[in-house]
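See below for the structure under consideration.
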Amino acid sequence: LKYLRERAYTDILSSEFEYAIIDGEPNWKFEDFTLRPTKDTFDFKNMDQVFDFADQNNMPVRVQHLLWGDEKWLPDWLKNGNYSEAELLEIIHNHIATVGARYKGRVREYTVVNEAFSRKLVTGGNRDWWCEHITFETYIDNAFIWAKEADPNALLILNDFGNETEGDISNLMYEYIKGAKARGIPIDGLGMQMHIDAASAPSKDKVVANMRRFHQLGVKIYITEFDVNMHSIQEEQDVENQKQAQIYKELVGACIEVGPEVCPNFGFLGLIDRQSWYTGIGLEDANPLMFNEDYTPKPAFFAVREIFEQK
(Lines give C-alpha, C1' and ligand atoms only; values in the text may rest on other atoms or scores of the structure.)
Protein backbone atom coordinates (compact mmCIF):
# COMPACT_ATOMS: atom_id res chain seq x y z
CA LEU A 1 0.00 0.00 0.00
CA LYS A 2 2.71 2.51 0.93
CA TYR A 3 4.15 2.42 -2.60
CA LEU A 4 0.85 3.60 -4.05
CA ARG A 5 1.76 6.97 -2.54
CA GLU A 6 4.71 7.23 -4.96
CA ARG A 7 3.73 8.65 -8.34
CA ALA A 8 6.51 6.85 -10.24
CA TYR A 9 5.31 3.54 -8.83
CA THR A 10 1.68 4.01 -9.80
CA ASP A 11 2.64 5.30 -13.24
CA ILE A 12 4.65 2.15 -13.99
CA LEU A 13 2.10 -0.19 -12.46
CA SER A 14 -0.81 1.25 -14.41
CA SER A 15 1.02 1.61 -17.73
CA GLU A 16 3.15 -1.56 -17.90
CA PHE A 17 1.06 -4.18 -16.09
CA GLU A 18 -2.40 -5.59 -16.70
CA TYR A 19 -3.50 -6.50 -13.18
CA ALA A 20 -2.86 -5.79 -9.52
CA ILE A 21 -1.70 -8.22 -6.83
CA ILE A 22 -2.81 -7.32 -3.31
CA ASP A 23 -0.11 -8.99 -1.27
CA GLY A 24 0.43 -8.43 2.44
CA GLU A 25 -2.70 -6.45 3.22
CA PRO A 26 -4.88 -9.62 3.06
CA ASN A 27 -2.78 -11.31 5.75
CA TRP A 28 -4.52 -11.54 9.11
CA LYS A 29 -1.65 -9.41 10.40
CA PHE A 30 0.96 -7.58 8.32
CA GLU A 31 3.82 -5.36 9.45
CA ASP A 32 2.19 -2.61 11.56
CA PHE A 33 -1.39 -3.34 10.48
CA THR A 34 -3.90 -6.00 11.51
CA LEU A 35 -6.76 -7.06 9.25
CA ARG A 36 -8.15 -9.10 12.17
CA PRO A 37 -7.76 -6.94 15.31
CA THR A 38 -9.99 -9.31 17.31
CA LYS A 39 -11.85 -12.55 16.78
CA ASP A 40 -15.02 -10.67 15.91
CA THR A 41 -13.70 -7.64 14.00
CA PHE A 42 -12.11 -6.78 10.65
CA ASP A 43 -10.30 -3.64 9.52
CA PHE A 44 -10.49 -3.35 5.73
CA LYS A 45 -9.17 0.19 5.26
CA ASN A 46 -5.83 -0.86 3.72
CA MET A 47 -7.31 -3.44 1.39
CA ASP A 48 -10.03 -1.01 0.33
CA GLN A 49 -7.43 1.54 -0.75
CA VAL A 50 -5.66 -0.97 -2.99
CA PHE A 51 -8.96 -2.08 -4.50
CA ASP A 52 -9.80 1.56 -5.18
CA PHE A 53 -6.55 1.99 -7.11
CA ALA A 54 -7.22 -1.17 -9.12
CA ASP A 55 -10.77 -0.07 -9.91
CA GLN A 56 -9.63 3.38 -11.00
CA ASN A 57 -7.17 1.81 -13.43
CA ASN A 58 -9.46 -1.01 -14.64
CA MET A 59 -7.07 -3.64 -13.31
CA PRO A 60 -8.29 -7.08 -12.28
CA VAL A 61 -7.14 -8.15 -8.82
CA ARG A 62 -5.51 -11.16 -7.24
CA VAL A 63 -5.73 -11.36 -3.43
CA GLN A 64 -2.76 -13.05 -1.69
CA HIS A 65 -3.52 -14.83 0.70
CA LEU A 66 -6.65 -15.94 2.55
CA LEU A 67 -4.70 -18.40 4.73
CA TRP A 68 -0.99 -18.46 5.47
CA GLY A 69 0.40 -20.35 8.43
CA ASP A 70 3.43 -18.14 9.07
CA GLU A 71 3.11 -17.30 12.78
CA LYS A 72 4.46 -13.78 12.44
CA TRP A 73 1.50 -12.86 10.21
CA LEU A 74 -1.11 -14.23 12.63
CA PRO A 75 -2.62 -12.13 15.46
CA ASP A 76 -1.93 -12.94 19.08
CA TRP A 77 -5.61 -13.45 19.92
CA LEU A 78 -5.61 -16.39 17.49
CA LYS A 79 -2.31 -17.96 18.49
CA ASN A 80 -2.97 -17.60 22.23
CA GLY A 81 -6.67 -18.47 22.20
CA ASN A 82 -6.37 -22.23 22.87
CA TYR A 83 -9.12 -22.89 20.34
CA SER A 84 -10.25 -26.39 19.46
CA GLU A 85 -10.02 -27.66 15.88
CA ALA A 86 -13.76 -27.11 15.43
CA GLU A 87 -13.47 -23.55 16.73
CA LEU A 88 -10.53 -22.81 14.45
CA LEU A 89 -12.43 -24.11 11.44
CA GLU A 90 -15.33 -21.82 12.32
CA ILE A 91 -12.92 -18.87 12.62
CA ILE A 92 -11.51 -19.70 9.18
CA HIS A 93 -15.01 -20.06 7.73
CA ASN A 94 -16.04 -16.69 9.10
CA HIS A 95 -12.86 -15.07 7.79
CA ILE A 96 -13.24 -16.38 4.25
CA ALA A 97 -16.97 -15.67 4.15
CA THR A 98 -16.49 -12.09 5.39
CA VAL A 99 -13.62 -11.21 3.04
CA GLY A 100 -15.35 -12.90 0.13
CA ALA A 101 -18.63 -11.08 0.73
CA ARG A 102 -16.93 -7.67 0.93
CA TYR A 103 -15.08 -8.03 -2.37
CA LYS A 104 -17.41 -10.37 -4.23
CA GLY A 105 -17.25 -9.73 -7.95
CA ARG A 106 -14.08 -7.60 -7.65
CA VAL A 107 -11.50 -10.40 -7.34
CA ARG A 108 -10.28 -12.40 -10.32
CA GLU A 109 -8.18 -14.81 -8.25
CA TYR A 110 -7.54 -15.72 -4.65
CA THR A 111 -4.53 -17.62 -3.40
CA VAL A 112 -6.64 -19.48 -0.86
CA VAL A 113 -3.89 -21.36 1.00
CA ASN A 114 -0.23 -20.38 0.95
CA GLU A 115 2.87 -22.45 1.77
CA ALA A 116 1.04 -25.29 3.49
CA PHE A 117 3.08 -27.98 1.75
CA SER A 118 6.56 -26.51 2.04
CA ARG A 119 5.83 -25.85 5.71
CA LYS A 120 4.39 -29.33 6.28
CA LEU A 121 7.81 -30.54 5.14
CA VAL A 122 9.43 -27.93 7.44
CA THR A 123 11.35 -26.54 4.47
CA GLY A 124 13.96 -24.09 5.67
CA GLY A 125 12.76 -24.69 9.23
CA ASN A 126 9.41 -23.04 8.45
CA ARG A 127 6.26 -24.51 10.02
CA ASP A 128 2.57 -24.16 9.22
CA TRP A 129 0.63 -22.96 12.26
CA TRP A 130 -2.69 -24.06 10.80
CA CYS A 131 -1.40 -27.56 10.03
CA GLU A 132 -0.18 -27.91 13.62
CA HIS A 133 -3.65 -27.12 14.98
CA ILE A 134 -6.01 -28.56 12.36
CA THR A 135 -5.87 -31.78 10.33
CA PHE A 136 -3.94 -30.90 7.17
CA GLU A 137 -6.38 -31.90 4.43
CA THR A 138 -9.37 -30.79 6.47
CA TYR A 139 -8.37 -27.16 6.68
CA ILE A 140 -7.24 -26.94 3.05
CA ASP A 141 -10.30 -28.71 1.64
CA ASN A 142 -12.69 -26.56 3.64
CA ALA A 143 -10.88 -23.33 2.80
CA PHE A 144 -11.47 -23.94 -0.91
CA ILE A 145 -15.08 -25.00 -0.40
CA TRP A 146 -15.81 -21.87 1.64
CA ALA A 147 -13.98 -19.60 -0.81
CA LYS A 148 -16.08 -20.95 -3.67
CA GLU A 149 -19.24 -20.34 -1.64
CA ALA A 150 -18.13 -16.80 -0.81
CA ASP A 151 -17.27 -15.77 -4.39
CA PRO A 152 -18.30 -18.38 -6.98
CA ASN A 153 -16.73 -16.53 -9.91
CA ALA A 154 -13.26 -16.06 -8.43
CA LEU A 155 -10.53 -18.48 -9.47
CA LEU A 156 -9.03 -20.34 -6.51
CA ILE A 157 -5.30 -21.07 -6.28
CA LEU A 158 -3.19 -23.33 -4.06
CA ASN A 159 0.12 -21.49 -3.65
CA ASP A 160 3.63 -22.44 -2.55
CA PHE A 161 7.33 -22.05 -3.24
CA GLY A 162 9.87 -24.59 -4.44
CA ASN A 163 7.30 -26.30 -6.65
CA GLU A 164 8.36 -25.08 -10.09
CA THR A 165 10.08 -28.41 -10.88
CA GLU A 166 9.57 -31.97 -9.67
CA GLY A 167 10.66 -32.45 -6.07
CA ASP A 168 9.39 -33.10 -2.57
CA ILE A 169 7.13 -30.04 -2.39
CA SER A 170 5.67 -30.32 -5.87
CA ASN A 171 5.15 -34.07 -5.51
CA LEU A 172 3.28 -33.61 -2.22
CA MET A 173 1.12 -30.94 -3.86
CA TYR A 174 0.53 -33.17 -6.88
CA GLU A 175 -0.81 -36.00 -4.72
CA TYR A 176 -2.98 -33.63 -2.70
CA ILE A 177 -4.51 -31.97 -5.79
CA LYS A 178 -5.10 -35.36 -7.40
CA GLY A 179 -7.03 -36.52 -4.34
CA ALA A 180 -8.77 -33.17 -3.83
CA LYS A 181 -10.05 -33.15 -7.39
CA ALA A 182 -11.45 -36.66 -6.86
CA ARG A 183 -13.20 -35.35 -3.72
CA GLY A 184 -14.73 -32.46 -5.66
CA ILE A 185 -12.67 -29.72 -4.01
CA PRO A 186 -12.89 -26.58 -6.22
CA ILE A 187 -9.19 -25.91 -6.87
CA ASP A 188 -8.70 -24.01 -10.11
CA GLY A 189 -4.98 -23.37 -10.09
CA LEU A 190 -1.55 -24.22 -8.77
CA GLY A 191 0.42 -21.18 -7.68
CA MET A 192 4.16 -21.28 -8.24
CA GLN A 193 5.76 -18.46 -6.29
CA MET A 194 9.06 -18.81 -8.17
CA HIS A 195 11.47 -17.01 -5.89
CA ILE A 196 14.52 -17.93 -7.95
CA ASP A 197 18.11 -17.99 -6.72
CA ALA A 198 20.22 -16.80 -9.65
CA ALA A 199 22.98 -19.26 -8.68
CA SER A 200 20.68 -22.27 -9.05
CA ALA A 201 17.92 -21.29 -11.44
CA PRO A 202 15.88 -24.22 -12.80
CA SER A 203 15.99 -25.02 -16.48
CA LYS A 204 13.13 -23.86 -18.67
CA ASP A 205 12.53 -27.45 -19.84
CA LYS A 206 12.07 -28.78 -16.30
CA VAL A 207 9.64 -26.00 -15.46
CA VAL A 208 7.65 -26.59 -18.65
CA ALA A 209 7.45 -30.33 -17.92
CA ASN A 210 6.18 -29.71 -14.39
CA MET A 211 3.59 -27.18 -15.56
CA ARG A 212 2.22 -29.73 -18.02
CA ARG A 213 2.25 -32.47 -15.36
CA PHE A 214 0.00 -30.43 -13.07
CA HIS A 215 -2.23 -29.26 -15.90
CA GLN A 216 -3.09 -32.89 -16.55
CA LEU A 217 -4.77 -32.90 -13.12
CA GLY A 218 -7.17 -30.20 -14.30
CA VAL A 219 -5.54 -27.09 -12.83
CA LYS A 220 -3.92 -24.11 -14.49
CA ILE A 221 -0.56 -22.72 -13.46
CA TYR A 222 -0.21 -19.23 -11.99
CA ILE A 223 3.21 -17.68 -11.41
CA THR A 224 2.39 -15.63 -8.35
CA GLU A 225 5.52 -14.01 -6.86
CA PHE A 226 8.36 -14.13 -9.36
CA ASP A 227 11.71 -12.55 -8.60
CA VAL A 228 15.39 -13.43 -9.09
CA ASN A 229 17.67 -13.14 -6.05
CA MET A 230 21.18 -12.00 -7.07
CA HIS A 231 22.76 -12.27 -3.59
CA SER A 232 24.92 -15.27 -4.51
CA ILE A 233 26.26 -13.74 -7.72
CA GLN A 234 29.38 -11.65 -7.25
CA GLU A 235 30.16 -10.18 -10.65
CA GLU A 236 30.41 -6.81 -12.30
CA GLN A 237 27.04 -5.07 -12.25
CA ASP A 238 26.55 -5.34 -16.00
CA VAL A 239 27.26 -9.07 -15.89
CA GLU A 240 24.84 -9.56 -13.00
CA ASN A 241 22.14 -7.60 -14.80
CA GLN A 242 22.48 -9.65 -17.95
CA LYS A 243 22.40 -12.93 -16.03
CA GLN A 244 19.25 -11.81 -14.24
CA ALA A 245 17.66 -10.74 -17.50
CA GLN A 246 18.37 -14.13 -19.05
CA ILE A 247 16.67 -15.94 -16.14
CA TYR A 248 13.65 -13.66 -16.41
CA LYS A 249 13.50 -14.34 -20.14
CA GLU A 250 13.83 -18.11 -19.76
CA LEU A 251 11.17 -18.54 -17.08
CA VAL A 252 8.65 -16.09 -18.50
CA GLY A 253 9.30 -18.04 -21.69
CA ALA A 254 8.29 -21.27 -19.96
CA CYS A 255 4.85 -19.83 -19.28
CA ILE A 256 4.54 -18.59 -22.84
CA GLU A 257 5.68 -21.92 -24.26
CA VAL A 258 2.92 -23.91 -22.56
CA GLY A 259 0.36 -21.28 -23.57
CA PRO A 260 -2.48 -19.51 -21.78
CA GLU A 261 -4.57 -22.65 -21.47
CA VAL A 262 -1.90 -23.98 -19.10
CA CYS A 263 -0.26 -20.80 -17.73
CA PRO A 264 -2.61 -17.82 -18.09
CA ASN A 265 -0.84 -15.44 -15.76
CA PHE A 266 2.69 -14.44 -14.73
CA GLY A 267 2.99 -12.23 -11.65
CA PHE A 268 5.94 -10.39 -10.08
CA LEU A 269 6.27 -9.70 -6.36
CA GLY A 270 6.96 -6.00 -6.62
CA LEU A 271 8.48 -3.49 -9.01
CA ILE A 272 11.52 -1.86 -7.38
CA ASP A 273 14.34 -3.51 -5.48
CA ARG A 274 13.76 -1.64 -2.22
CA GLN A 275 10.24 -3.09 -2.18
CA SER A 276 11.55 -6.66 -2.13
CA TRP A 277 10.69 -9.05 0.70
CA TYR A 278 14.36 -10.08 0.79
CA THR A 279 15.28 -6.87 2.60
CA GLY A 280 13.05 -8.04 5.45
CA ILE A 281 15.24 -11.11 5.95
CA GLY A 282 18.50 -9.18 5.79
CA LEU A 283 19.47 -9.61 2.12
CA GLU A 284 20.12 -6.04 1.10
CA ASP A 285 21.87 -7.06 -2.14
CA ALA A 286 19.24 -9.46 -3.52
CA ASN A 287 18.12 -6.83 -6.06
CA PRO A 288 15.55 -9.27 -7.45
CA LEU A 289 13.10 -7.08 -9.35
CA MET A 290 12.91 -5.39 -12.74
CA PHE A 291 13.42 -1.80 -11.59
CA ASN A 292 16.18 -0.15 -9.60
CA GLU A 293 15.39 1.76 -6.44
CA ASP A 294 15.14 4.99 -8.45
CA TYR A 295 12.60 3.41 -10.83
CA THR A 296 15.00 3.08 -13.76
CA PRO A 297 14.36 -0.17 -15.63
CA LYS A 298 16.92 -2.96 -15.54
CA PRO A 299 17.78 -5.29 -18.45
CA ALA A 300 15.29 -7.81 -16.98
CA PHE A 301 12.44 -5.43 -17.75
CA PHE A 302 13.45 -5.09 -21.39
CA ALA A 303 13.96 -8.87 -21.68
CA VAL A 304 10.43 -9.51 -20.40
CA ARG A 305 8.91 -6.85 -22.62
CA GLU A 306 10.73 -8.25 -25.65
CA ILE A 307 9.50 -11.79 -25.09
CA PHE A 308 5.91 -10.62 -24.71
CA GLU A 309 6.20 -8.52 -27.88
CA GLN A 310 7.45 -11.58 -29.76
CA LYS A 311 4.63 -13.79 -28.50
Within the 4.5 Å heavy-atom criterion, are Asn159 and Tyr222 side-chain neighbours or not? no
Do Glu132 and Arg127 touch side chain to side chain, with heavy atoms closer than 4.5 Å? yes
Does any non-hydrogen side-chain atom of Phe308 lie less than 4.5 Å from one of Ile256? yes
Quick one: does Lys79's side chain have a donor or acceptor within less than 3.5 Å of a partner on Glu71's backbone? yes
Quick one, Ile96 and Ile92 - any side-chain contact, counting heavy atoms below 4.5 Å? yes
I need the full list of ring pair (Phe, Tyr, Trp, His ring centres under 6.0 Å) pairs touching residues 171-190, with sequence neighbours left out, sorted by first then second residue. Phe117-Tyr176, Tyr174-Phe214
Pairing of Arg119 and Asp160 as salt bridge, 4.0 angstrom limit: no
Please tabulate, for side-chain N and O atoms in residues 61-68, each donor-acceptor pair with protein atoms closer than 3.5 Å (sequence neighbours left out).
| from | atom 1 | to | atom 2 | distance (Å) |
| --- | --- | --- | --- | --- |
| Arg62 | NE | Glu109 | OE1 | 2.8 |
| Arg62 | NH1 | Gln64 | OE1 | 3.1 |
| Arg62 | NH2 | Glu109 | OE1 | 3.3 |
| Arg62 | NH2 | Asn265 | OD1 | 2.5 |
| Gln64 | NE2 | Asp23 | OD2 | 2.8 |
| His65 | ND1 | Thr111 | OG1 | 2.7 |
| His65 | NE2 | Asn114 | ND2 | 3.3 |
| Trp68 | NE1 | Glu115 | OE1 | 2.9 |

Say whether Phe266 and Phe302 are linked into one hydrophobic cluster, either directly or through other cluster members, by side-chain heavy-atom distances under 4.5 angstrom. yes
Exceeds 12 heavy-atom contacts within 6.0 angstrom, atom NZ of Lys204: yes
For Tyr139 and Cys131, which heavy atoms make the closest approach, and how far apart are they? CE2-N, 3.8 Å
First locate atom OG1 of Thr165, then atom CZ of Arg213, and finally report the distance between them rounded to the nearest 0.5 Å. 9.0 Å
Answer yes if the ring centres of Phe226 and Tyr248 are under 6.0 angstrom apart, and no otherwise. yes
Judged by atom type as modelled, is there a donor-acceptor pair below 3.5 Å linking the side chain of Asn292 to the main-chain atoms of Tyr295? no
Determine whether a donor-acceptor pair (N or O, by modelled atom type, separation under 3.5 Å) exists between the side chain of Gln234 and the backbone of His231. yes
Pair Glu164 + Lys206, salt bridge at N-O below 4.0 Å: no
Gap separating the CD atom of Gln237 from the CG atom of Asn241, nearest 0.5 angstrom: 4.5 Å
Side chain of Thr10, backbone of Arg7: donor and acceptor closer than 3.5 Å? yes
Closer than 3.5 angstrom, by distance alone: can the side chain of Asp197 be matched with the main-chain N or O of Ala199 as a donor-acceptor pair? yes
Any side-chain heavy-atom pair of Glu225 and His195 under 4.5 Å: yes
Distance, nearest 0.5 Å, that separates CG of Leu89 from CD1 of Ile91: 9.5 Å
Main-chain N/O of Asn287 paired to Lys298 side chain as donor or acceptor, under 3.5 Å: yes
Derivation and outcome, ring-ring contact (aromatic ring centres under 6.0 Å, His included), residues Trp28 and Trp130: CA-CA 13 Å; Trp28 295 41; Trp130 295 113; 5.3 Å; yes
Could you check whether any side-chain heavy atom of Thr123 comes within less than 4.5 Å of a side-chain heavy atom of Ile169, counting everything from C-beta outward? yes
Given side chains that start at C-beta, do those of Arg36 and Leu78 come closer than 4.5 Å, heavy atoms only? no
Mind checking what makes ring pair (Phe, Tyr, Trp, His ring centres under 6.0 Å) contact with His93, not counting sequence neighbours? Trp146
Single hit among Asn210, Ile157, Thr224, Asn163 for side chain to side chain contact (heavy atoms under 4.5 Å, CB included) with Leu190: Asn163
State, to 0.1 Å, how close Lys45 and Phe33 come at their nearest heavy-atom pair, and which atoms those are. CE-CE1, 3.6 Å
Residue pairs, two or more places apart or on separate chains, that pass disulfide bond (SG atoms under 2.5 Å apart) and touch residues 195-303: Cys255-Cys263
Can you name the nearest heavy-atom pair linking Tyr19 to Gly267, along with the distance? OH-CA, 2.7 Å
With disulfide bond (SG atoms under 2.5 Å apart) as the rule and sequence neighbours excluded, what pairs involving residues 154-190 come up? none
So does Glu236 get a backbone contact from the side chain of Glu240, meaning a donor-acceptor N/O pair under 3.5 Å? no
Judged by atom type as modelled, is there a donor-acceptor pair below 3.5 Å linking the side chain of Glu309 to the main-chain atoms of Glu306? no
Can you check whether Phe301 reaches Leu289 side chain to side chain, under 4.5 Å on heavy atoms? no
Taking atom CG as the centre, does Asn82 end up with more than 12 heavy-atom neighbours from other residues, nucleotides or ligands that are less than 6.0 angstrom away? no
With a cut-off of 6.0 Å (strictly less than), are more than 12 heavy atoms of other residues, nucleotides or ligands near CG of Asp43? yes
With no hydrogens and no angle check, is any side-chain donor or acceptor of Lys148 less than 3.5 Å from a backbone partner on Leu155? no
Taking Thr41 for the side chain and Thr38 for the main chain, is one N or O donor matched with an acceptor at less than 3.5 Å? yes
Sequence neighbours excluded, which residues qualify as salt bridge (Lys or Arg N to Asp or Glu O under 4.0 Å) partners of Glu90? none
Donor-acceptor side-chain pairing of Tyr9 and Gln275 below 3.5 angstrom: yes
